[in-house]
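Remarks on the structure that follows.
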2 protein chains.
Amino acid sequence: MTNTIKDVAKKANVSIATVSRILNDQGGYSEKTKFKVLKVIEELGYQPNAVARGLINKRTHTIGVLFPKLSSSLVTDLLDGIEKAANDNGSSVIVCHTESNGEKTMKYLQLLIEKRVDGIIFASEILKEEYYQFVAKTKMPIILLSTESYAYPVPFVKVNDFHAAYAAAKYLIGKGHTKIGMISGKKDDIIAGIPRIEGFKKALSDHGISLGSENVVFSRGFAFPDGIEGLKKLIGQFPDVTAIFAASDEMAIGALSAAYQLGIKVPDEISVMGYDNLNLAEMSIPPLTTVGQPLAKMGEAAAEMLFTIMETGEIPESRIMPHRIIERMSVKERKK
Amino acid sequence: MTNTIKDVAKKANVSIATVSRILNDQGGYSEKTKFKVLKVIEELGYQPNAVARGLINKRTHTIGVLFPKLSSSLVTDLLDGIEKAANDNGSSVIVCHTESNGEKTMKYLQLLIEKRVDGIIFASEILKEEYYQFVAKTKMPIILLSTESYAYPVPFVKVNDFHAAYAAAKYLIGKGHTKIGMISGKKDDIIAGIPRIEGFKKALSDHGISLGSENVVFSRGFAFPDGIEGLKKLIGQFPDVTAIFAASDEMAIGALSAAYQLGIKVPDEISVMGYDNLNLAEMSIPPLTTVGQPLAKMGEAAAEMLFTIMETGEIPESRIMPHRIIERMSVKERKK
DNA sequence: TTGAAAGCGCTAACAC
DNA sequence: GTGTTAGCGCTTTCAA
């Protein structure tokens, strides 16, 4: 069995209180005792039991993160930031993979609550009423990451999707394009779907570019195959298109692939722009021009907001993180 | 404050022992009491405290995973499998990002031990003596994932890199290539470096293909830029090369990019083969032929081995997972 | 079928 | 400076 504070106390001929004090640097002991105790700790290879500490301190130094899926670099980059901030604050992170499944999500939420994590980060997904009520009841701190709630007062950190999409379309217009299409994600996704579509449309109409139903193609999701299909469909309904804005990098890369298959040269014949700035984006042929979200920073911010809540008890303000156009090689200036 | 078992007991007019029994389905109570207690639990929204349970049961239902980096789909796929298996076994997973840094690794190891996780998965990195001794002392179960130790008796799950590289080279030979180059990873990496290089060389020599120092190019790591540089260097020192085996998919994709920049057509002029079968591999242009590791399955296996240890106390056998050639479009048959 | 009480490993209030 | 002791929220004997 592993040694406990009792074993240390006994072997050092002091009380457990003294050992505890030394462990927590609280003062109230002589240098001599400290030295003696530390020596015994060393000899015994004693490791304080964080579970017992958590029970009494009501602080587990653990936060929980819920993701709809794990295998995507979008998630990984967010996680990277979360983990970094957590580590800097002496906390660990438990990852939960919900598969966008309501039952699984509830199960995980319950698990995290039972484990008494210090807070929860809920990422990249709609916060359903059921979820919200469940955690609100426990008063556990929660932050939304890369998503937001219109119905509940939960602080979030994300990019402004409308503005970012607007900026992307504007960039394309600035490059001389007027026949611009969009491969959008899910039409009814109120976080990553609608705002990007609306931002795109607004940019076109603000710049006097006419726009019909042929300009936008809808998909089932935001993945690679959706981009392949998207491009084919778009070319079919809008043959004049010279530039395409895809609602995710994976879709943009799918579009690149489809274009290649069809013998369409990017960016010479068609320009393609993505959204996310995943690692992928610099590895594609040609490297993808895209609108970047500072994913790692967003993850960090979310975790830090959680720590703020724990320390101050105050609910922090939501944070809109800046997006940025990342210019690479997939968009070409179009001569008039 | 959240309710405790005491509150439930009081409100239901029973002892906490009875509530505990009902919570744990242990029997020894009437249906009537059970019903009454369950009702109170419902009313109070009571959530058992897993921390207190962990303290007494000496089981936290949490495992820790150490990764050198988080932002790579290799890791994500492994994590995906680990999370799945953990969840199926009612456990959570804590992720730790070591950055291949010895100090950080030790700190994380200590953290996990203090948190009394049920076991540790150590992934994709050399198990240093210091690490091993530290966890061995605590008798905490540990599994190596996508790495192995020649010095210590720690069970592992991984692919046989030598065999896999051999298979890749043989595949290229089978396609009629005789001028075959390799963009290897780190020359002194005894897990992912040397075995792949040796497997590659062995395949060539077994098939009567002469082989000099110009056939292999070494890199600093296994990343995208290493692949770009690698291809350029290889072409420089081995201009006749018609097929290239890269020691990772990211490097292979780097090679694809470099070839594109140099105006070299893949697979028409040069065939390229990768290693890992990441998601990336099917998104490249052309889609990448590669040797696949069953990453998610490997993660699952590692987690399951951990649970086996906890249940039986026996150290399970290491598992060599099967590799597989994934044929896509980046390799072309060469006519004699 | 149920309850009282000890104790998991630790912290903190109080006493000396 | 140091020790004693009462819990944190739970499980588990032992008795009744």
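In what follows, every chain begins at residue 1, and chains take the letters A, B, ... in the order their sequences are listed.
D:dG9 atom P lies 10 Å from atom CD1 of A:I56, rounded to whole Å. Regarding B:R59, its CZ atom lies at a distance of 15 Å from the P atom of D:dT11, rounded to whole Å. Atom CG of A:D25 and atom C1' of C:dT11 are 15 Å apart (whole Å).
Summary of the strand contacts: B:G27 and A:L55 both lie near DNA chain C, and taking for each the nucleotide with the nearest heavy atom, the more 5' one is attributed to B:G27.
Note on B:V14: only backbone sugar-phosphate atoms sit closer than 4.0 angstrom, heavy atoms only; bases stay farther off. Across all strands, B:I16 comes closer than 4.0 Å to base atoms (heavy-atom distances). Among the heavy atoms of the strands lying under 4.0 Å from B:S20 is at least one base atom, whether or not backbone atoms are also near.
At a threshold of 4.0 Å, the pair B:K107-B:E103 does not count as salt-bridged, since none of the basic side-chain nitrogens sits closer than that to a carboxylate oxygen. Classification of A:K84 and A:D88 as a salt-bridged pair holds, one side-chain N sitting under 4.0 Å from a carboxylate O.
Side-chain proximity of B:T33 to the nucleotides D:dG9, C:dT1, C:dG3 is greatest for C:dT1.
Remark: the B:R21 side chain and the C:dG3 base include a donor-acceptor N/O pair separated by less than 3.5 Å.
Counting only heavy atoms from C-beta outward, the side chains of B:I120 and B:I143 never approach each other to under 4.5 Å.
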